[in-house]
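First the structure, in the form of structure tokens, and then the observations on it.
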2 protein chains.
Amino acid sequence: MSSIKENIAKKKIFEFCIKEFARAGYANVSIRNISKGAGISIGAIYYYFSSKEQIGQFLYDKTTEIILNKIRLGVQKAPNDKEALRSIIYNLFDMSEKEPHLMEFILYVKHKEFLPDAPPICSSKPFEFIKNFIKKKIDSGVFRDMDIVIASALIMGPVIRIIQLRMDNILKNDIRLYTESLLNGIVKSIFKERA
Amino acid sequence: MSSIKENIAKKKIFEFCIKEFARAGYANVSIRNISKGAGISIGAIYYYFSSKEQIGQFLYDKTTEIILNKIRLGVQKAPNDKEALRSIIYNLFDMSEKEPHLMEFILYVKHKEFLPDAPPICSSKPFEFIKNFIKKKIDSGVFRDMDIVIASALIMGPVIRIIQLRMDNILKNDIRLYTESLLNGIVKSIFKERA
DNA sequence: TAAAATAAAACGAGCGTTCATTTTAAAAAA
DNA sequence: TTTTTTAAAATGAACGCTCGTTTTATTTTA
């Protein structure tokens with residue numbers, strides 16, 4: 001049972017921590033920082049979470065879930081393979097623009113710091129989903145026959161790289177505009193060539 | 001003037017810190033850890049470095065220099081454009097296999113933590129060098145005419161991704177073996193198509 | 001009134017850094 | 001050569017502070 005108050009408090013903590021963990025790193029954000037920044041007392045924080053690590057766990061679970069849902073929905077609605085790929089790229093770029101902190105948290109925060117036994121982020125649910133998608137396309141002959149790892153790297157590598165350049169403020173403009181040209185490059189490298 | 005002793009001490013500190021910063025993160029490695037791990041007393045550490053931050057600075061300078069030198073040499077010796085690209089990929093993979101800690105330090109450690117005013121890692125010397133290389137190839141018509149950012153992402157994205165998968169131990173085998181197939185995919189996405 | 005929620009104070013451990021001191025080794029003086 | 005002097009190198013205890021967490025006390029809610 002989680003009360004309304006509990007949900008409000010957790011949401012405040014979520015929003016502050018996502019931002020701060022991404023900016024300063026987990027180890028450099030103290031419980032006192034969180035208390036002040038989220039406007040929740042230390043006592044309340046420990047009332048809702050049993051430890052600082054658990055806050056990290058909570059953030060990790062929430063963020064991977066949000067991303068997975070968005071990606072999955074886009075793929076499901078796509079009318080064909082190229083559109084499915086486009087939706088993956090676009091949705092990741094879209095999230096990077098709309099919720100940069102969330103994306104930074106996933107891509108930059110060393111989550112081994114608070115989740116010692118968790119798999120690396122590239123084995124988290126959203127990335128696993130994308131990997132399965134790629135595997136299916138290779139098996140069904142849509143993508144060239146290649147090592148799944150190579151295909152995965154050729155597709156996700158450039159996407160993640162663009163997102164990182166945006167997070168680092170190297171790219172000043174909306175990266176959703178890059179969707180088309182990046183897709184074109186990726187398509188060339190992995191789709192079967194037209195006979 | 002840096003004495004032999006100083007160089008030995010700094011080397012010990014370098015080797016321990018590269019490993020530990022990559023594994024645990026800068027904030028989670030204390031001076032006491034460094035002292036114990038490197039076999040240099042706390043006092044001696046502060047004799048050679050004015051602060052913990054300066055150790056980070058030292059590591060950052062050394063690692064970017066090592067990587068830049070290796071990449072530059074490979075490109076200089078390459079007989080043609082494709083070989084130059086191959087050398088960049090191979091050398092990065094080679095370093096990842098031979099000195100994984102060094103690569104982890106560059107790719108994973110949040111260096112803003114100890115170098116608040118440094119540019120993001122993708123603007124560090126080795127990456128700038130590669131970016132210039134790509135720009136030249138676009139300008140001279142070797143690569144397709146595209147946004148430098150896109151080209152950069154299409155080339156370096158997959159390479160970095162493979163390295164990260166290796167660092168995370170998702171890839172169990174020597175990634176140098178992927179050089180050829182990755183190069184093929186990348187070539188397809190950025191080289192001008194044959195008429 | 002009992003349970004849930006909040007707040008603040010207190011705890012021990014560990015942090016980066018300093019510093020008075022000792023050791024080491026080479027240069028100067030005898 | 002032997003002794004004295006000097007400065008670099010190295011030491012680790014101690015300082016002030018912040019950490020994550022717990023306890024204790026009070027207020028709000030049901």
Side-chain angles (χ1 to χ4, degrees), chain A residues 1-60 109-118, chain B residues 1-60 109-118:
Chain A
M1 268 317 122
S2 55
S3 70
I4 294 169
K5 279 210 170 186
E6 179 170 344
N7 285 336
I8 291 173
K10 282 192 169 181
K11 188 170 186 182
K12 278 186 189 169
I13 293 170
F14 176 86
E15 275 164 15
F16 178 78
C17 285
I18 275 284
K19 210 164 42 185
E20 277 304 285
F21 286 179
R23 191 189 62 79
Y26 175 81
N28 294 309
V29 181
S30 71
I31 296 291
R32 285 162 186 82
N33 293 154
I34 297 170
S35 172
K36 202 165 198 175
I40 307 288
S41 74
I42 292 176
I45 290 173
Y46 276 95
Y47 185 77
Y48 295 121
F49 296 98
S50 62
S51 67
K52 189 187 169 188
E53 275 197 10
Q54 242 215 25
I55 299 177
Q57 174 82 254
F58 177 73
L59 262 68
Y60 181 81
V109 175
K110 204 180 177 94
H111 68 280
K112 289 257 175 202
E113 221 170 322
F114 47 89
L115 298 173
D117 300 324
Chain B
M1 269 315 124
S2 56
S3 70
I4 295 169
K5 280 205 171 183
E6 178 170 346
N7 286 337
I8 292 172
K10 282 193 170 180
K11 188 169 186 183
K12 279 187 191 169
I13 292 170
F14 176 87
E15 274 163 17
F16 178 76
C17 286
I18 275 283
K19 210 164 42 184
E20 276 304 284
F21 286 180
R23 192 189 62 78
Y26 175 82
N28 293 310
V29 181
S30 72
I31 296 291
R32 284 163 188 81
N33 294 154
I34 298 171
S35 171
K36 203 164 198 177
I40 307 288
S41 73
I42 293 175
I45 292 173
Y46 277 94
Y47 185 76
Y48 293 119
F49 297 99
S50 62
S51 67
K52 188 186 170 188
E53 277 196 8
Q54 243 216 23
I55 299 178
Q57 173 81 256
F58 177 73
L59 262 68
Y60 181 82
V109 175
K110 205 182 176 92
H111 67 280
K112 289 257 175 204
E113 220 170 320
F114 47 89
L115 299 173
D117 300 323

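Note that the structure is a prediction, hence the values are computed from the model and not measured. Chain letters run A, B, ... following the sequence lines, proteins first and then strands; every chain starts at 1.
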Rounded to the Å, how far apart are Lys12(B) NZ and dA9(D) P? 15 Å
Atom-pair distance (CZ on Phe114(A); P on dG20(D)), nearest Å: 14 Å
Is the phosphate of dA5(C) approached by Tyr47(A) (side-chain N or O, under 4.0 Å from OP1 or OP2)? yes
Holding to ring pair (Phe, Tyr, Trp, His ring centres under 6.0 Å), I want the full list of residues that pass it with Phe21(B), two or more places apart in sequence or in another chain. Tyr26(B)
Given atom CG of Asn7(A) and atom C1' of dA5(C), what is their separation to the nearest angstrom? 15 Å
Partner residues of Tyr47(A) under the side-chain contact (heavy atoms from CB on, under 4.5 Å) criterion, sequence neighbours left out: none
Is the distance from OP1 or OP2 of dA10(D) to the nearest side-chain N or O of Ser41(B) less than 4.0 Å? no
Please enumerate all residues that pass salt bridge (Lys or Arg N to Asp or Glu O under 4.0 Å) together with Lys10(A), with sequence neighbours excluded. Glu6(A)
Kindly write out the residues that satisfy side-chain contact (heavy atoms from CB on, under 4.5 Å) with Ser51(A), not counting sequence neighbours, or none if the list is empty. Glu53(A), Gln54(A)
Which residues in residues 14-31 of chain A have a heavy atom closer than 4.0 Å to any atom of DNA chain D? Val29(A), Ser30(A), Ile31(A)
Across the strands shown, which category fits Ser35(B) at heavy-atom distances under 4.0 angstrom: base, sugar-phosphate, nothing? nothing
Interatomic distance where OH belongs to Tyr46(A) and P belongs to dT24(D) [whole Å]: 17 Å
Please state how far atom CD in Glu53(A) lies from atom P in dC19(D), giving the value in whole angstrom units. 17 Å
Calculate the interatomic distance between Lys36(B) atom NZ and dG12(D) atom C1'; express it in whole Å. 13 Å
Take the protein atom CD1 of Ile34(B) and the nucleotide atom P of dG12(D), then report the distance between them rounded to whole Å. 17 Å
Could you work out, with side chain to side chain donor-acceptor pair (under 3.5 Å) as the rule, every residue matching Ser41(B), not counting sequence neighbours? none
Selection from dG20(D), dA10(D), dT17(C) that lies nearest to any side-chain heavy atom of Ala44(B): dA10(D)
Can you measure Lys52(A) atom NZ to dG20(D) atom P for me and round it to whole angstrom units? 4 Å
Please enumerate all residues that pass side-chain contact (heavy atoms from CB on, under 4.5 Å) together with Gln57(A), with sequence neighbours excluded. Asp61(A), Leu115(A)
Earlier contact from the 5' end, DNA chain C, for Gly43(A) and Asn33(B): Gly43(A)
Write out a two-atom table: protein N or O, nucleotide N or O from nucleotides 28-30 of chain D, distance below 3.5 Å.
none

Can you pull out every salt bridge (Lys or Arg N to Asp or Glu O under 4.0 Å) where at least one residue sits in residues 31-46 of chain A? Sequence neighbours excluded, please. none
Under 3.5 Å, N/O pairs linking protein and nucleotides 14-17 of chain D:
from, atom 1, to, atom 2, distance (Å)
dA14(D), N6, Arg32(B), NH2, 3.4

Heavy atoms from C-beta onward define the side chain here; which of dT6(C), dA10(D), dT22(D) lies closest to that of Tyr48(B)? dA10(D)
Residues pairing under salt bridge (Lys or Arg N to Asp or Glu O under 4.0 Å) where one sits in residues 22-31 of chain B, two or more places apart or in two chains, turn out to be Glu20(B)-Arg23(B)
So does Ala22(A) get a backbone contact from the side chain of Lys110(B), meaning a donor-acceptor N/O pair under 3.5 Å? yes
Among all residues two or more places apart in sequence or in another chain, which pass the ring pair (Phe, Tyr, Trp, His ring centres under 6.0 Å) test with Tyr60(A)? His111(A)
Looking at Val29(B), is its backbone amide N or carbonyl O close enough to the side chain of Lys52(B) to form a donor-acceptor pair, meaning the two atoms are under 3.5 Å apart? yes
Check: Asn28(A) side chain, Ala24(A) main-chain N or O, donor-acceptor pair, under 3.5 Å: yes
